4 protein chains.
Amino acid sequence: MKNNQRQLQKEQTRRKILDAAFSEFGARGIMATRMQDIAKAAGVSHGTVFAHFANYEAMITTVIEEFGGKMTLRTHELACDCREVRELLAAHLTSIMEFEDFYTRLVVEARLLPTAARDTFIMIQSAVSFHINQAAQREMDAGNIRAMPLALFFNTWMALIHYYLSNGYLFAPEGCVMKRYGGMLLEHFMGLARGDCGEKETAENA
Amino acid sequence: MKNNQRQLQKEQTRRKILDAAFSEFGARGIMATRMQDIAKAAGVSHGTVFAHFANYEAMITTVIEEFGGKMTLRTHELACDCREVRELLAAHLTSIMEFEDFYTRLVVEARLLPTAARDTFIMIQSAVSFHINQAAQREMDAGNIRAMPLALFFNTWMALIHYYLSNGYLFAPEGCVMKRYGGMLLEHFMGLARGDCGEKETAENA
Amino acid sequence: MKNNQRQLQKEQTRRKILDAAFSEFGARGIMATRMQDIAKAAGVSHGTVFAHFANYEAMITTVIEEFGGKMTLRTHELACDCREVRELLAAHLTSIMEFEDFYTRLVVEARLLPTAARDTFIMIQSAVSFHINQAAQREMDAGNIRAMPLALFFNTWMALIHYYLSNGYLFAPEGCVMKRYGGMLLEHFMGLARGDCGEKETAENA
Amino acid sequence: MKNNQRQLQKEQTRRKILDAAFSEFGARGIMATRMQDIAKAAGVSHGTVFAHFANYEAMITTVIEEFGGKMTLRTHELACDCREVRELLAAHLTSIMEFEDFYTRLVVEARLLPTAARDTFIMIQSAVSFHINQAAQREMDAGNIRAMPLALFFNTWMALIHYYLSNGYLFAPEGCVMKRYGGMLLEHFMGLARGDCGEKETAENA
DNA sequence: AATGAATGAGACTTCATTCAT
DNA sequence: AATGAATGAAGTCTCATTCAT
């Protein structure tokens with residue numbers, strides 16, 4: 001139908017806006033990005049953004065939801081083949097690295113975002129938590145990692161990741177903190193979790 | 001002399017403004033506090049704030065520097081009597097609890113603050129790090145805690161604390177996250193650090 | 001021919017738009033109705049309205065002209081069988097009641113409308129005035145109503161009607177002011193016009 | 001005190017804004033006047049208007065309240081010495097003539113104003129109604145005017161006045177409808193009210 | 001030194017109108 | 001002829017900063 005052509009056109013514009021917003025959010029920060037910035041980056045007029053999103057809040061919530069969906073999906077995908085916690089955490093790192101700039105902004109500004117947007121961020125974490133907790137429980141049962149409340153296990157991991165992302169400008173001023181520190185963080189965390197003074201790890205790998 | 005009188009007056013006003021700002025920052029958030037809010041809370045006129053601080057940025061930087069100094073000093077004080085890491089971390093928690101609202105805002109908004117303010121935040125952490133690292137090194141040498149890079153030891157601790165502060169609205173919606181979770185976090189972290197599967201801790205306490 | 005088919009189609013669309021506009025104007029108010037509202041109510045696209053009317057002003061002027069024609073026609077129809085002023089005024093009330101919502105909006109917003117639209121409103125009143133004045137003159141000559149300038153007779157009647165319509169939200173918050181007060185206003189006005197201290201009226205009705 | 005000087009300054013600015021608004025409202029219409037227009041007319045910056053009035057609605061409500069107070073006061077003053085309805089209505093006309101432009105805008109736009117502003121307009125009318133009804137009752141009792149519900153008496157008078165004001169552009173395109181038609185309307189209305197076919201009036205005046 | 005009224009740049013949002021399909 | 005996405009002018013409102021007193 002003719003509609004398809006228009007529909008496509010509109011969808012493309014929406015895409016352009018969302019992509020521009022995603023990119024601007026990553027580059028400038030979420031709350032520091034103005035509707036004008038997005039419009040300009042998307043190459044559309046100021047009013048067009050409002051033709052696609054009712055208001056500022058709806059716009060950023062949508063971007064975060066979109067991103068959240070993508071990230072959650074990616075996490076699920078990566079988690080599918082993972083039986084061990086270690087693999088899972090590695091997958092988690094991978095999925096973060098794919099969107100590091102944006103994800104970092106999310107971590108940094110989460111508390112300042114409109115509630116709807118913040119809730120979405122929480123849901124992303126819940127999805128991750130589900131997979132990780134499951135695997136962690138298994139390995140605790142198997143005695144591979146120290147017994148501890150699952151929540152603490154998960155929170156410690158998230159805390160480490162978020163800390164390094166938040167302070168990325170110190171650890172890796174050129175960006176890409178996870179590329180540089182991700183592996184190290186994973187080893188460190190696994191070491192702590194196993195409580196093996198780092199020996200076991202080596203032994204196991206041997 | 002009259003000059004002295006005036007000087008004193010001025011200093012008092014400055015004090016009122018700084019205290020008001022500190023309090024408002026804790027209550028409303030740093031970036032969410034307007035110059036007007038500070039002036040009103042200080043009981044001075046809007047313009048007076050600008051008589052003491054060149055601009056918004058200078059104002060918040062000064063407050064954070066002041067706070068940083070106070071917090072660092074407190075950390076030193078508390079650290080003085082501490083020989084063991086565990087005591088030191090407990091002291092760190094104590095000093096945070098004394099300023100929890102403001103410190104949390106700092107953690108949450110750090111990345112969005114003017115560079116000068118951010119740098120101050122970094123210095124606070126350096127002061128803490130100095131003491132903790134020293135003690136940690138001692139205990140690692142003594143074999144009380146697992147060997148690991150000092151930076152990782154410190155960062156893991158900070159990450160945990162900041163994670164709980166940042167997400168305080170989830171963990172303790174009524175506020176005072178550290179009062180509620182501080183002790184638990186300390187045990188958890190020490191457990192990880194000792195790598196003792198939680199056994200040693202119990203033994204020690206007995 | 002195909003041309004005829006198209007012409008017909010076009011005319012039908014135009015009809016839908018005009019009817020929708022009439023209805024929306026009555027419901028929301030004239031100036032408060034946006035082009036979008038009309039398009040949606042008509043079940044056509046936003047742009048279609050502009051294919052039929054050069055701009056907003058042309059659109060509302062046309063609606064009012066159309067309505068004016070209809071109302072004038074109706075007034076003539078109803079006036080045909082009326083010999084007495086009283087009957088005529090009753091007919092006037094009837095014709096107003098048929099379009100009360102829209103007519104009220106017209107009364108309320110007349111002064112704010114584009115000149116062309118306003119002129120149409122004046123013409124409606126002229127048509128009514130023609131009939132009423134004629135009958136009023138007859139009855140004044142016959143001594144049934146007090147002698148007074150015809151214009152004053154007419155204006156007083158219109159003033160009363162418009163006042164009650166304009167303030168309908170006070171007199172009859174549920175709407176339909178004329179259904180509720182029309183009869184009363186007619187009696188009141190006739191009483192004033194006859195100058196009979198209300199006696200005659202009662203006698204007549206008996 | 002020094003405060004007085006500033007207070008005065010501020011009050012003057014507020015006055016300038018209110019006067020400018022009053023004048024612009026009269027000239028352009030109330031809803032057609034933008035904050036910018038008022039600022040420009042008052043010779044102050046855009047932001048200054050918002051320093052004095054929280055928002056658009058507060059601004060126009062204040063102007064109408066101010067005006068309403070003035071008008072009500074004037075009505076009371078003029079009503080004080082009036083024993084007869086006729087004098088009272090004349091006084092009412094006088095008070096309207098003093099603010100004809102603005103009052104006409106109020107009449108014309110009343111239904112479209114924010115509720116608070118509209119309520120104020122209603123209160124103005126209530127004040128007038130109080131005096132008029134009182135006098136009318138007396139004269140009805142005395143048999144000087146026809147017996148009729150007070151509300152109808154009052155509404156008929158208001159209707160006439162508002163009708164002529166609303167349609168002033170037809171009756172007196174150069175403005176000042178009431179100066180030109182006020183006296184005539186008063187005679188006409190009194191004639192209707194007395195129900196004396198105009199004879200009594202002449203006799204009485206003789 | 002303190003005041004607080006005034007300023008104006010800048011952000012969001014609405015909606016009549018245009019135009020490519 | 002109909003569509004509806006895109007446009008951009010215009011309006012409200014906020015708040016850091018200035019400046020006369």
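Keep in mind that what you see is a predicted model, and the values were worked out from it rather than measured. All chains are named by letter (A, B, ...) in the order of the sequence lines, taking the proteins before the strands, and each is independently numbered beginning at 1.
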* Working for side chain to side chain contact (heavy atoms under 4.5 Å, CB included), residues A:Leu106 and A:Leu113 -> CA-CA 9 Å; A:Leu106 215 44; A:Leu113 297 178; 3.9 Å; yes

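Residues meeting the salt bridge (Lys or Arg N to Asp or Glu O under 4.0 Å) test with B:Glu57, sequence neighbours left out: none. Under the side-chain hydrogen bond (donor to acceptor under 3.5 Å, both in side chains) criterion, A:Thr48 pairs with A:Ser45, sequence neighbours left out. Scored by the side-chain hydrogen bond (donor to acceptor under 3.5 Å, both in side chains) test, D:Tyr103 finds D:His162 as partners (sequence neighbours excluded). Every residue meeting the side chain to side chain contact (heavy atoms under 4.5 Å, CB included) condition with B:Glu65, not counting sequence neighbours, appears here in chain and number order: B:Thr61, B:Thr120. Scored by the salt bridge (Lys or Arg N to Asp or Glu O under 4.0 Å) test, B:Asp119 finds no partners at all (sequence neighbours excluded). With sequence neighbours left out, D:Arg15 forms a salt bridge (Lys or Arg N to Asp or Glu O under 4.0 Å) with D:Asp19, D:Glu66.
Across E:dA5, F:dT7, F:dA1, the shortest atom-to-atom separation from the side chain of D:Lys10 is found for E:dA5. When distances are taken from the side chain of C:Thr48 to each of E:dG4, F:dA2, F:dA6, the shortest belongs to F:dA2.
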* To do: Mark up nucleotides 12-17 of chain F, 5' to 3', with B wherever a protein heavy atom is under 4.0 angstrom from a base atom, S wherever such an atom reaches only the sugar-phosphate, and - elsewhere.
  => BBBSSB

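With rounding to whole Å, C:Ile38 atom CD1 is found 13 Å from E:dC15 atom P. For the pair A:Arg6 CZ and F:dA5 P, the interatomic distance rounds to 7 Å; values are reported in whole Å. Taking atom CD of residue A:Gln7 and atom C1' of nucleotide F:dT3, one finds them 12 Å apart after rounding to whole Å. Atom CZ of A:Phe53 is separated from atom P of F:dA5 by 13 Å (rounded to the nearest Å). As a whole-Å value, the separation of C:Lys40 NZ from F:dT3 C1' is 16 Å.
Nearest-nucleotide assignment on DNA chain F puts the 5′-proximal partner with C:Val44, out of A:His52 and C:Val44.
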For a quick test of your reading: what N or O donor-acceptor pairs under 3.5 Å do the side chains of residues 21-28 of chain A make, sequence neighbours left out?
residue, atom, partner, partner atom, Å
A:Glu24, OE1, A:Arg28, NE, 2.4
A:Glu24, OE1, A:Arg28, NH2, 3.3

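Between B:Ser45 and the phosphate of E:dT3, there is a side-chain N or O to OP1/OP2 separation shorter than 4.0 Å.
Identified under the salt bridge (Lys or Arg N to Asp or Glu O under 4.0 Å) test for residues 102-116 of chain D, with sequence neighbours left out: none. Applying the ring-ring contact (aromatic ring centres under 6.0 Å, His included) definition to pairs two or more places apart or across chains, none involves residues 27-51 of chain C.
Taken together, the paired segments of DNA chain E that extend over three or more consecutive Watson-Crick or G-U pairs, each closer than 3.5 Å at both contacts, are E:2-21 with F:2-21.
The shortest distance between side-chain heavy atoms of B:Arg14 and B:Glu11 falls below 4.5 Å.
Shown for residues 11-25 of chain B: no residue has heavy atoms falling under 4.0 angstrom of DNA chain F.
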